[in-house]
Amino acid sequence: MKVLKFGGTSVGTVESINQVIQILQENLNEGRKIAVVYSAMGGVTNRLIEIGKLAAASDTEYLQLLKTVEERHFAAVRGLIDVKNQSSCIAKVKGLLNELEDLLRGVSLIKELSARTNDFIVSFGERLSTTIITEALKNRGIDAEYLDARKVIKTNDHFGYAEVNFELTNELIRKHFAQTNKLQCITGFIASTIDGVTTTLGRGGSDYSGSIFGAALNATVIEIWTDVDGMLTTDPRKVKNAFTIPTITYAEAMELSHFGAKVIYPPSLTPAFQKNIPLKILNTFNHKHEGTLISKTANAKEYAITGISSIDDIALVNVQGGGMMGVAGVSAKLFSILAANKISVILISQASSEHSICFAVDPKAAYGVKEILEEGFATEISQGLVDNISIEQNLSVIAVVGESMKSSTGTSGKLFSVLGKNGINVVATAQGSSELNISVVIYKKDITKALNAIHETFFQVDGLTLNLYLVGATGLIGSTLLRQIQEQKDYLKQRKNLNIKLVGVMNTKKMLLKEGGINLENWKEDLLENGEIANIGSFVSDVQDLNLPYSVFVDCTADKNIVQYYHSLLSSSVSIVTPNKVANSGKYEQYFMLQKAAQKHGVKFLYETNVGAGLPIINTLQGLITSGDKINKIEAVLSGTLAYIFNNFKVGDRFVDVVKEAKAKGYTEPDPRDDLSGQDVARKILILSREAGLKLEPEDVKITNLLNDACLNAPTVEAFFEELEKDNTRFEKLLQDAEANGEVLRFIATLDEDNHASIGLKTVGKSHPFFNLAGSENIISFTTERYKYNPLVVKGPGAGAEVTASGVFADIMSISSYLV
Ligand SMILES: NC(=O)C1=CN([C@@H]2O[C@H](COP(=O)(O)OP(=O)(O)OC[C@H]3O[C@@H](n4cnc5c(N)ncnc54)[C@H](O)[C@@H]3O)[C@@H](O)[C@H]2O)C=CC1
Ligand SMILES: N[C@@H](CC=O)C(=O)O
Ligand code: NA
């Protein structure tokens, strides 16, 4: 015997009832013995409650609402039963509706609605739906029979949530089934007292009926048919990758549903659990789906946890006071006051100092709870033993559930690390000693982010996703980066199970944000066509409002205005990757503050490309310092542009043309004067000095600049080129002098043994290690305590779109490995 139960949405419309009939037909065709429990048509129970209240208030609107209920049921009859067979069903339905109308008239006359009458009113919902479906089955030649559960389920008279007399109920059910072979169509939710007065079974009522019948009949399985594909790993409205849990234990199902999974109400399934009858949660609208099997022992799990559930709105009540320490009975008193006032406690947490107890309740109840407790603890408060009862609102709770937590270590570590790395503050936590559930209370604003981050980390269904925001997208480095990501996307997915989702792009004119992701193949057209007017302030607040997990902001501009948002971004737990040197080469205070903000908020601030583009210079230096080495001296060629220029400028050439060539090759700063004035190199040596542990300010770097005032003051880059053309002889002379000595020109940055930073144009001969540099090559030589006699040298192309974008990309990748 198998018991099936169909919920309100499954019997809500003619189409859905046809689905139900098909499912039953398939079972019968396979020769299965089945019994079926039905809920009222979706929404009818609530409607009947409303009608009852209106009638009791003598508000005649109840008559109109009753008409809509009538019409819905008649429409179902017309849709489900052939015209020639409709009359007997219509008569039955009409009979029930007349009875209901008489009852409501009575309620409106005496203006009173008791819990007992209310139970009777709502019983019509299941009686109507089950009557119609029974007739529809008969109409299709199925030997079905209506069973009013009030005949067999016997309860006490706690109307609204009656308690079942199992001994009598089991006996009546078995007796009834022994004398019939017809397919029993049973009204869910309703029962009656021994005297025959109608009662209802409370929350989850029809599931309870299914469970009662299943247990009484020793069913092999109880199927709960609903409108979702079983129990999901988490709330699919918040996490799009939520998926069906194939097998789950009773205990896990209980935990998950306690914290919000609404599919079933497991306490009502206790009769089945007690008899060890497995339950299946199945989808009427996708009936081939396997759904979820709930049983005593689940299959071995692939993941460390089984599911994540959450309650969006809770309030925390905190009871605190020196007098609570070691005083037996304070918590006993606290919880008995709550119990006496029927306050349901969602979660409790007490630190071992016993100085305070905090617990979560429904926010609507919170202030009532405060009053009740202040009254209950009036004496303790007046004696100063309990000093404070405070309420914190706008909180949510997340529970990570799974039996596998018992046998494995690290689940809580991983959970808290995910929350930490996403800047989600944990307000309170609780873990039962059953190790089945870890609950964390967080701010409500973070709930979606937290669920996504936890789900992604523990289940990795579709891999981990980095959410990327890019400013300066149409520039050289920005657009090259996007192309590189696009080209590497499949590899990252296949080999690293990693997705990079471009959520926002911006250039000087337009900005575009799409939570679902911007297509990397046509982001430029999309930005142009669908972007809004660019505004960095609103772009940043959009990033913060979206509050997505694993967010990375990439600044591919050279703009100081973007930099002023870094601190706020890091503080909202958004990592930053940037080739823009402005932030790290301004005041030391700013550099230091950004480092601290990243540390504090558990995110990364990475800028490898600030020096030597993609060459591993910052990482190398950081590695030396963190491993305890000490920098004695740095000597370096740090400008790709100047290296290129001095490698290619020949006597007889126009200097300006070589500069233009460097620009065309993508080596220069957006304004090439930043390179030629030494500004760019000064920034780089300053950044290296700071990484080496020195607190230098920009003015501490001694600069020899290559440009005259006319060039420096030219209003535009074009005007600058014109001025530069006029200054050709000076550069030619520099070159000629060097060549005369068999030397070459190199623009060299130095941090000397006395911690002085300087930059300037020098000539070097054949024996100098910097003599042999080609193209845009940089070279950095670190003399340290450990590399004392033979310096550590990094050399290679230090500018250009491909190498710089790939350095930025590598920084993004290193964030992904830190985060998971
Ligand atoms: N080109 C190279 O070899 C290297 C460049 N860098 C750095 O990379 C950054 C980008 O350089 P490139 O791509 O070569 O320059 P670029 O001039 O091609 O790109 C910069 C882009 O940023 C945009 N932009 C400027 N201000 C903006 C704002 N407020 N909002 C939105 N967009 C804005 C510009 O319109 C431009 O499209 C610079 O900070 C540069 O110092 C670092 C290492 C090497
Ligand atoms: N303009 C810079 C680019 C790298 O930072 C250079 O020429 O080195
Ligand atoms: Na670098």
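Given the structure is predicted, the values throughout are model-derived calculations rather than measurements. All ligand and atom numbering here is 1-based and tracks the order in the structure. What's counted below: heavy atoms across the whole structure, side chains too, no hydrogens, waters or symmetry copies.
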| note | When distances are taken from atom 6 (N) of ligand 1, the protein heavy atom at minimum range is P579 CB, 4.0 Å
| Salt-bridge contact R730-D727 (side-chain N to carboxylate O under 4.0 Å) | yes
| task | Run down the list V808, N535, I477, D559 and name the one with the heavy atom closest to atom 26 (N) of ligand 1. | result | D559
| field | Atoms in ligand 1 with a heavy atom of M506 nearer than 4.0 Å | value | 30 (N)
| request: Please state whether A613 comes within less than 4.0 angstrom of ligand 2, counting heavy atoms only. | output: no
| said: Test your reading of the structure: does G666 have an N or O sitting under 3.5 Å from an N or O of ligand 1? | reply: yes
| request: Using distance alone, determine whether L476 and ligand 1 share an N or O pair under 3.5 Å. | output: yes
| task | Please check if atom OH in Y787 has more than 12 non-hydrogen atoms from other residues, nucleotides or ligands closer than 6.0 Å. | result | no
| query | With atoms numbered from 1 as shown, which atoms in ligand 1 lie under 4.0 angstrom from a non-hydrogen atom of A558? | reply | 38 (C), 39 (O)
| query | Which protein heavy atom lies closest to atom 36 (C) of ligand 1, and at what distance to 0.1 Å? | reply | G475 CA, 3.9 Å
| field | Over 12 foreign heavy atoms within 6.0 Å of CD, Q595 | value | yes
| message | Taking a cutoff of less than 4.0 Å between a non-hydrogen atom of the residue and any ligand atom, is V681 in contact with ligand 2? | response | no
| query | Does K493 come within less than 4.0 Å of D462, counting only side-chain N to carboxylate O? | reply | yes
| said: Strictly under 3.0 Å, is the Na ion (ligand 3) approached by any N, O or S atom of V611? | reply: yes
| task | For ligand 1, note which part of C556 has a heavy atom under 4.0 Å away: side chain, backbone, both or neither. | result | backbone
| request: Is it possible for you to check whether K414 lies under 6.0 Å from the centre of the six-membered ring of F458, through NZ or CZ, and within 45° of that ring's axis? | output: yes
| remark: Taking only non-hydrogen atoms of K684 and a 4.0 Å limit, the atoms of ligand 2 in range are 2 (C), 4 (C), 5 (O), 6 (C), 8 (O)
| task | Out of A805, P670, A473, indicate the one that has the non-hydrogen atom closest to atom 17 (O) of ligand 1. | result | P670
| Taking only heavy atoms of N580, which atoms of ligand 1 are found under 4.0 Å from at least one of them? | 39 (O)
| remark: Numbered in order shown, the ligand 2 atoms found under 4.0 Å of a heavy atom of L638 are 8 (O)
| field | Whether over 12 other heavy atoms sit under 6.0 Å from F592 CZ | value | no
| Who's closest to atom 32 (N) of ligand 1 heavy-atom-wise, of N507, T804, D555, D674? | N507
| said: If I take atom CG from residue L638 and atom CZ from residue R683, how far apart are they, to the nearest 0.5 angstrom? | reply: 13.5 Å
| field | Passing option when T620 is tested against L615, L792, I780 for side-chain contact (heavy atoms from CB on, under 4.5 Å) | value | L792
| remark: d(I812 CD1, K604 NZ) to nearest 0.5 Å is 15.0 Å
| said: Regarding I618, does it place an N, O or S atom less than 3.0 Å from the Na ion (ligand 3)? | reply: no
| Below 4.5 Å, heavy atoms only, C-beta onward: do L706 and L642 meet side chain to side chain? | yes
| message | Evaluate T609 for polar contact with ligand 1, using N/O atom pairs at a separation under 3.5 Å. | response | no
| message | Closer than 4.0 angstrom, basic N to acidic O: yes or no for K581 and E669? | response | yes
| query | Among protein heavy atoms, which lies nearest atom 24 (N) of ligand 1, and at what distance? | reply | T557 CG2, 3.5 Å
| field | Nitrogen or oxygen atoms of D675 and ligand 2 under 3.5 Å apart | value | yes
| field | Contact atoms of ligand 1, heavy-atom distance to I562 under 4.0 Å | value | 28 (C), 29 (N), 30 (N)
| Side chain or backbone of T641 under 4.0 Å from ligand 2, or both, or neither, by non-hydrogen atoms? | both
| task | Have a look at the Na ion (ligand 3) and estimate, to 10 degrees, the angle subtended by O (A613) and O (E608). | result | 90°
| For K581, the ligand 2 atoms whose distance to one of its heavy atoms is below 4.0 Å | 4 (C), 5 (O)
| said: Any carboxylate oxygen within less than 4.0 angstrom of a Lys/Arg side-chain nitrogen, looking at E722 and K726? | reply: no
| message | Distance under 4.0 Å to a non-hydrogen atom of A799: what atoms of ligand 1 satisfy this? | response | 3 (O)
| message | Salt bridge check, E725 against R654: does any charged N sit closer than 4.0 Å to a carboxylate O? | response | yes
| query | Less than 6.0 Å separating the ring centroids of Y469 and F553? | reply | no
| Looking at G640, which atoms of ligand 2 are within less than 4.0 Å of one of its heavy atoms? | 6 (C), 7 (O), 8 (O)
| field | Test item, I536 contacting ligand 1 (heavy atom, 4.0 angstrom) | value | no
| Does any non-hydrogen side-chain atom of C556 lie less than 4.5 Å from one of L470? | yes
| Any chance NZ of K514 has more than 12 other-residue heavy atoms, nucleotides or ligands included, within less than 6.0 Å? | yes
| field | Closest to atom 40 (C) of ligand 1 among M511, K560, K684, E669 (heavy-atom distance) | value | E669
| message | Quick one, R483 with E802, criterion salt bridge (charged side-chain N to carboxylate O under 4.0 Å, His left out). Give me CA distance, side-chain angles, the key distance, then yes/no. | response | CA-CA 10 Å; R483 199 206 69 234; E802 291 301 325; 3.0 Å; yes
| task | Identify the protein heavy atom lying closest to atom 2 (C) of ligand 2, giving its residue, its atom name and the separation to 0.1 Å. | result | E669 OE2, 3.2 Å
| Side chains of Y591 and K695: does their closest heavy-atom pair fall under 4.5 Å? | no
| request: Would you check the N or O atoms of G800, main chain and side chain alike, for any that come under 3.5 Å of an N or O of ligand 1? | output: yes
| Against heavy atoms of S639, which atoms of ligand 2 measure under 4.0 Å? | 7 (O), 8 (O)
| query | So is Y667 polar-close to ligand 2, meaning N/O to N/O under 3.5 Å? | reply | yes
| task | Could you tell me how the ring of F646 sits relative to the ring of F655: parallel (under 30°), tilted (30 to 60°) or perpendicular (over 60°)? | result | tilted
| remark: Checking heavy atoms under 4.0 Å, the part of T508 that sits near ligand 1 is both
| query | Under 4.0 Å from any heavy atom of V471, which atoms of ligand 1 are there? | reply | 30 (N), 31 (C)
| Side chain, backbone, both or neither: which part of T668 comes within less than 4.0 Å of ligand 2 when only heavy atoms are counted? | backbone
| Would a 4.5 Å heavy-atom cut-off, applied to side chains only, mark Q590 and V563 as touching? | yes
